[in-house]
Amino acid sequence: MNIDIAGAGALIVVVIMGLVTLATRWGGVYIMSFVPIGKRVRQFIQAMSGSVLIALLTPIAVMGDTGARLALLVTLIMMLLVKKPLLAISCGVLTAALVRLI
């Protein structure tokens, strides 16, 4: 199946992707409404969020350029110092931009 991305084709693709994303998010909430949230389920959810973060950041650390690696390092240091995620991420993005500018 091919969709012409000129004109309305791109809009159709974006709408379909949005609907799929919405369905998976609502579906997850619906399914989890049947699962009692006990100690083990809570621990699983907390561990899962950390593992997803590691899965996203490891390829950047291994195969990223100098800007990406320095951005990760600055973000980590800022997070440990100020414990404010938005500020830490902003500093990391700024670091990557400055390294790539130079």
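For reference, positions follow the sequence shown, starting with 1.
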Sidechain-backbone polar pair: T24 side chain, T21 backbone, donor-acceptor under 3.5 Å: yes
Rounded at 0.5 Å granularity, tell me how far CE in M63 sits from CZ in R69. 10.0 Å
Minimum heavy-atom distance A68-I60, with the two atoms named: CB-CG2, 3.7 Å
In one Ile/Leu/Val/Met/Phe/Trp/Tyr side-chain cluster, 4.5 Å: L87, V74: yes
Could you tell me whether M48 atom CE has more than 12 heavy atoms of other residues or ligands within 6.0 Å of it? yes
Answer with yes or no whether the hydrophobic clustering places L81 together with V93; edges join I, L, V, M, F, W, Y residues whose side-chain heavy atoms lie under 4.5 Å apart. no
Rounded distance [0.5 Å steps], CG in L70 versus CZ in R100: 10.0 Å
Begin with the C-alpha distance, continue with both residues' side-chain angles, and end with the deciding distance and a verdict on side chain to side chain contact (heavy atoms under 4.5 Å, CB included) for M32 and I45. CA-CA 11 Å; M32 285 304 291; I45 292 171; 4.1 Å; yes
Would you list the pairs meeting ring pair (Phe, Tyr, Trp, His ring centres under 6.0 Å) in which at least one residue belongs to residues 82-102, sequence neighbours left out? none
Suppose the criterion is ring pair (Phe, Tyr, Trp, His ring centres under 6.0 Å): which pairs have a residue in residues 9-33, not counting sequence neighbours? Y30-F34
CG (L76) and SG (C91) are apart, to the nearest 0.5 Å, by 12.5 Å
Which residues pass the side chain to side chain contact (heavy atoms under 4.5 Å, CB included) test with L98, not counting sequence neighbours? L94
Between CG on residue L72 and OG1 on residue T95, distance to nearest 0.5 Å: 10.5 Å
Where A71 and G92 come nearest, the two heavy atoms and their spacing: CB-O, 3.1 Å
